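Have a look at the structure below, then the notes.
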Amino acid sequence: MIKAIYANKSSFKRVDLKEGLNIILADKTEQSTVKDSRNGAGKSTLIEIIHFCLGASLRNGESIRVDGLKEWIFFMDLIIQGEEITVSREIADPRKIYLKGNVDNLNIQYKTNDKNEKYILVKEWTTSLGYLMFGLTPEEQELKYSPSFRGLISYFVRRKKGAFLNPFSHFPQQREWDIQVSNAFLLDLNWEYARRWQTVKDNEKTLDQLKKASNSGLVKGVMGGSIGELEAQKVRLETQAIEFKAQLDNFKIHPQYKDIEDKADALTTDIHKDTNDNISDRKLISFYEKSLEEEGTNNKSMIISIYEESKIHFPDLVKRKIEQVEEFHDQVVKNRKEFLQLEIERLKKDVTERDTRIKSNSDKRAEYLQILSDYGALEEHTKLQQQYVNQMAKINEIDNALDSLRTFEQGKSSLKIEKEVLQQEARNDYYERLNQRTKAIQLFNLNSQALYAEPGELLIDIGKTGFKFNVHINKAGSEGIEHMKVFCYDLMLSQIWSGKPHSTGFLVHDSSIFDPVDERQVESAVKLAKKESHEKGFQYICLLNSDKIQIGDELESFVRLRLTDNSDEGGLLGIRVQSED
C-alpha cells in the first residue's frame with residue numbers, strides 16, 4: 001500500500017493516500033479556457049513518480065526526465081508486509097534507492113553511506129520487491145524467461161496509453177514469452193511451462209538457422225544433400241588425402257636441390273650452344289671442301305681468253321706477257337687453297353673440341369638430372385603439403401556439416417518429443433489448477449457484469465505454442481469497451497492477489513483508461529473498484545478528469561487531491577518544466 005507521495009520541493013502537491021478508493025482529480029475550473037487541458041495537471045507525472053520510486057529506469061519517465069527537476073528528490077511512504085518504510089530517489093543520482101523505517105524487518109540487504117543513510121542499488125531493490133510483493137525468490141528472478149518485478153508491477157500500475165490496448169500486455173511491443181510468463185504467474189498458473197515453451201522455441205529457432213546455413217551452402221562445394229551424400233564425399237576426400245600423405249612421407253628434399261637444378265640448366269644451355277655452333281661449322285667445312293675441289297678447274301684457258309681480248313681493246317695498257325699472268329694466277333690459286341685447307345682444319349678442330357665438351361656436359365647433366373629425379377624441390381614439397389592441408393580442411397568441413405545435420409535431425413526428433421511431453425504436462429497441470437482458473441474467470445465475469453448488462457468471459461487455454469489468453473465482453477469493438485476489458489482484468493488481478501501473503505496492496509489507473517469510456521461506465525467502474533478494494537482490503541488509486549465523473553457525496557470523501565492546469569501552481573509539481581525531449 002502507498003501511504004504518501006511527496007518531494008523535497010515545497011511547490012509539490014503532497015499526496016496522502018488511504019486503503020480502499022483514492023481519487024486524484026483534475027478539475028476544470030471557471031478560469032480554464034477551451035484551450036486548457038487537464039493533461040498538464042500532472043496525473044501521468046504521478047504515475048511516473050510511483051514507477052521511479054519502484055525502480056523504473058529514468059529513461060522511461062518522460063515527464064520527470066527534465067532539466068527543471070534535476071535537483072528534485074521524490075519520496076514514497078509504503079506499507080510492505082505490514083512494515084512501514086520510506087523510499088526516496090534523486091533525479092540527479094538515480095542509481096541508488098534510499099530507505100528509512102522498518103527496513104531490517106523486511107530482510108532487505110542494504111548498504112550505509114558516510115551519513116549513516118541506508119541505500120540499495122536499483123537492481124537489488126527490484127529483486128527485493130520481486131520477493132516482497134510477488135514472492136519471487138532471487139534465484140527465480142535470475143532465470144532466463146522468468147517473471148520480473150518490473151514486468152509484473154506494470155500490470156498494477158499501467159503507464160501511457162499503449163498500456164490499455166490489451167489486458168494481457170502492458171505495452172504494445174511486449175514479447176510473447178513475457179506475456180505468457182507474466183499472466184500465467186499472475187493467474188496462479190504454472191509459469192514454468194511458459195518459460196520452457198520459450199526455451200523450446202529458442203531451440204527450434206537455432207535448429208532452423210542450422211538448417212538454413214546447411215541449405216545455403218555455408219561450406220562451398222561441400223554442403224547440401226543428405227547425410228549419406230556427405231558421407232560419400234568424405235570417403236572420396238579421405239582416399240585422396242591418404243595418397244597425399246603417402247607422397248609426403250616418401251618425399252625427400254636434397255639440401256642443394258636449387259644449386260643442382262641451376263647447374264643442370266646451365267649445362268643444358270652450354271650443350272645447346274655447342275650443338276648449334278657445330279652445326280654451323282660443319283656446314284661451313286662442307287662449303288670450304290667443295291670450294292677446294294673446284295678451285296683451278298678451266299681457269300687457265302679463261303685467263304688466256306681474257307688476256308687476248310684485252311690486248312685488242314687496250315693495247316697500250318697490256319704490258320705483261322701471258323706467262324707472267326699465268327704465274328700470278330697460279331700463285332693466287334695456291335694461296336686460296338692453303339687458306340681453305342687451314343680453315344677446314346681449324347673448323348674440324350673446333351667441332352671435335354665441342355663434341356668432347358658436349359659429351360662431358362651431357363654426362364654431368366645426366367648425373368644432376370638423376371639427383372633431381374631422386375629428390376624433390378622444397379617448392380614441390382610445400383605445394384604437396386598445401387594440397388594435403390586443403391584436403392583435410394574439406395574433410396573437416398564435411399565433418400562439421402555432418403555434425404550439424406545429425407544435430408538437426410536428432411534435435412528435430414527430440415524437440416518434437418519434448419513439445420508433446422511439455423504440452424501434456426502443462427495440460428495436466430492446467431486441469432489440476434481448475435480452482436484457480438475458475439476463481440479468475442468468475443471474478444472477471446462479475447466485474448464485467450457490474451459494468452454491462454451481460455457478463456464477459458475470460459478465456460484461458462493451452463495450445464501447441466503455450467498459454468492462450470483472451471477476454472470477451474458483449475458489445476465489444478468500441479475503444480471504450482476495449483479499455484474496460486483492461487479495467488476488469490486488472491481489478492480481477494488485485495482481487496486475487498489481495499488475499500496472498502505477498503502482494504502489492506495497490507492498483508493504480510491513469511485517466512487514460514477512462515478517456516474513451518462513457519461517463520456512466522466510468523462512474524460504475526469507480527464504484528465497483530471502491531466496493532471491491534474495501535471488501536478485499538487493497539488500495540485502488542485512480543486519476544480522473546472532473547468531466548468524466550460526477551463527484552457527489554458518495555465519492556467526495558475519497559478525493560485525496562485536486563489538480564488543475566489553469567496555472568503553473570495548480571499542477572502536481574507546482575511549477576512549469578520543459579521536457580528534455
Side-chain angles (χ1 to χ4, degrees), residues 1-10 12 14-17 45-154 156-157 159 182 185 500-506 508 539 580:
M1 169 179 169
I2 303 173
K3 286 192 65 178
I5 300 171
Y6 47 100
N8 64 332
K9 302 295 182 180
S10 59
F12 185 84
R14 178 187 174 100
V15 185
D16 291 297
L17 303 167
T45 300
L46 185 61
I47 298 287
E48 296 299 340
I49 293 171
I50 293 173
H51 272 288
F52 184 61
C53 290
L54 294 178
S57 170
L58 184 60
R59 293 193 305 271
N60 297 324
E62 294 179 1
S63 58
I64 60 175
R65 192 183 70 244
V66 293
D67 290 333
L69 299 182
K70 285 186 177 180
E71 296 181 358
W72 284 54
I73 304 173
F74 291 106
F75 299 82
M76 189 160 68
D77 293 342
L78 290 170
I79 299 178
I80 304 177
Q81 300 283 309
E83 304 292 342
E84 294 189 17
I85 65 170
T86 297
V87 178
S88 64
R89 192 176 181 190
E90 302 175 10
I91 296 294
D93 184 15
R95 298 169 299 171
K96 299 176 182 177
I97 307 291
Y98 289 90
L99 304 172
K100 292 182 180 179
N102 301 330
V103 181
D104 293 330
N105 294 342
L106 296 175
N107 293 320
I108 297 176
Q109 302 300 313
Y110 58 82
K111 298 178 182 179
T112 305
N113 61 16
D114 53 4
K115 297 179 182 179
N116 204 32
E117 296 173 322
K118 300 172 182 177
Y119 71 90
I120 187 171
L121 298 179
V122 173
K123 178 65 169 62
E124 285 73 21
W125 174 233
T126 56
T127 299
S128 297
L129 290 178
Y131 176 73
L132 293 171
M133 291 190 177
F134 295 104
L136 280 170
T137 65
E139 293 75 20
E140 287 176 322
Q141 295 182 63
E142 287 297 322
L143 292 173
K144 190 176 183 180
Y145 303 129
S146 66
S148 67
F149 170 75
R150 289 299 317 150
L152 296 175
I153 196 64
S154 294
F156 293 85
V157 190
R159 63 207 300 195
S182 297
F185 177 86
K500 292 177 176 290
H502 299 271
S503 174
T504 64
F506 55 82
V508 183
Q539 184 181 51
E580 289 182 351

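What you see is a predicted model, and the numbers here were worked out from it, not measured in a lab. Computed from heavy atoms alone, side chains included, the values below leave out hydrogens, waters and symmetry copies.
- Residues passing the salt bridge (Lys or Arg N to Asp or Glu O under 4.0 Å) test with Asp93 are Arg95, sequence neighbours excluded.
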Subject >> Worked check of side-chain contact (heavy atoms from CB on, under 4.5 Å) between Phe185 and Leu152 >> reply: CA-CA 9 Å; Phe185 177 86; Leu152 296 175; 3.5 Å; yes

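- Leu54 and Met133 get closest at one heavy-atom pair: CD2-CE, 4.4 Å.
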Subject >> From CA spacing to verdict: side-chain contact (heavy atoms from CB on, under 4.5 Å), Ile80, Leu129 >> reply: CA-CA 9 Å; Ile80 304 177; Leu129 290 178; 4.0 Å; yes

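- Between Thr126 atom OG1 and Gln141 atom CD the span is 7.0 Å, to the nearest 0.5 Å.
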Subject >> Check against side-chain contact (heavy atoms from CB on, under 4.5 Å), Thr504 and Ile153 >> reply: CA-CA 8 Å; Thr504 64; Ile153 196 64; 3.7 Å; yes

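- Judged by distance alone, the side chain of Asn8 and the main-chain N or O of Ile73 form a donor-acceptor pair under 3.5 Å.
- Contact detail for Arg89 and Lys96: the closest heavy-atom pair is CG-O, 3.6 Å.
- Qualifying salt bridge (Lys or Arg N to Asp or Glu O under 4.0 Å) partners for Lys111, counting only residues two or more places apart in sequence or in other chains: none.
- The aromatic rings of Phe134 and Phe156 lie tilted to each other, with the angle between the two planes from 30° to 60°.
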**OP:** Might you work through the side-chain hydrogen bond (donor to acceptor under 3.5 Å, both in side chains) test for Glu83 and Asn105, ending with a clear yes or no?
**Re:** CA-CA 7 Å; Glu83 304 292 342; Asn105 294 342; 3.3 Å; yes

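- Distance check, rounded to the nearest 0.5 Å: CE of Met76 to CD1 of Ile50 gives 6.5 Å.
- Not one N or O on the side chain of Glu84 forms a donor-acceptor pair closer than 3.5 Å with the backbone of Leu78.
- Distance check, rounded to the nearest 0.5 Å: CD of Gln81 to CG of Asn102 gives 13.0 Å.
- Within the 4.5 Å cutoff, no side-chain heavy atoms of Val122 are placed close to those of Pro94.
- Scanning both residues, Gln109 and Ile120, for their nearest heavy atoms gives O-CD1, 3.8 Å.
- A cation-pi arrangement is found for Arg14 relative to Tyr6, the charged atom lying closer than 6.0 Å to the ring centre and inside a 45° cone about the ring normal.
- Applying the ring-ring contact (aromatic ring centres under 6.0 Å, His included) rule to Trp125 yields no partners; only residues at least two apart in sequence or on another chain are considered.
- In this structure, Ser146 and Leu143 approach most closely via the heavy-atom pair OG-O, 2.9 Å.
- Checked against side chain to side chain donor-acceptor pair (under 3.5 Å), Tyr98 has no partners two or more places apart in sequence or in another chain.
- Looking at residues two or more places apart in sequence or on another chain, you find no ring-ring contact (aromatic ring centres under 6.0 Å, His included) involving Tyr110.
- With a 6.0 Å radius and a threshold of 12 heavy atoms from other residues, nucleotides or ligands, Tyr131 has its OH atom at or below the threshold.
- Rounded to the nearest 0.5 angstrom, Leu106 CG and Ile85 CD1 are separated by 6.0 Å.
- Within the structure, salt bridge (charged side-chain N to carboxylate O under 4.0 Å, His left out) contacts touching residues 124-134 (residues at least two apart or in different chains) do not occur.
- Taking each heavy atom of Glu48 and Ile64 in turn, the nearest pair found is O-CD1, 4.2 Å.
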**OP:** Show your working on side-chain contact (heavy atoms from CB on, under 4.5 Å) between Phe149 and Thr127 and close with a plain yes or no.
**Re:** CA-CA 7 Å; Phe149 170 75; Thr127 299; over 6 Å; no

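- Between the NZ atom of Lys123 and the CZ atom of Arg150 there is a distance of 13.0 Å, given to the nearest 0.5 Å.
- Separation of atoms OG (Ser57) and NE2 (His51) is listed at 12.5 Å; rounding is to 0.5 Å.
- Residues Leu121 and Ile97 form no side-chain contact, since every pair of their non-hydrogen atoms from C-beta on lies 4.5 Å or further apart.
- The environment of NZ in Lys3 is sparse: at most 12 heavy-atom neighbours from other residues, nucleotides or ligands sit within 6.0 Å.
- Residue Lys100 places its NZ atom among 12 or fewer non-hydrogen atoms of other residues, nucleotides or ligands, all under 6.0 Å distant.
- Judged purely by atom type and a 3.5 angstrom limit, Thr86 has no side-chain atom pairing as donor or acceptor with the backbone of Asp77.
- Using a 4.5 Å cut-off on side-chain heavy atoms (C-beta onward), Ile91 and Glu71 make no contact.
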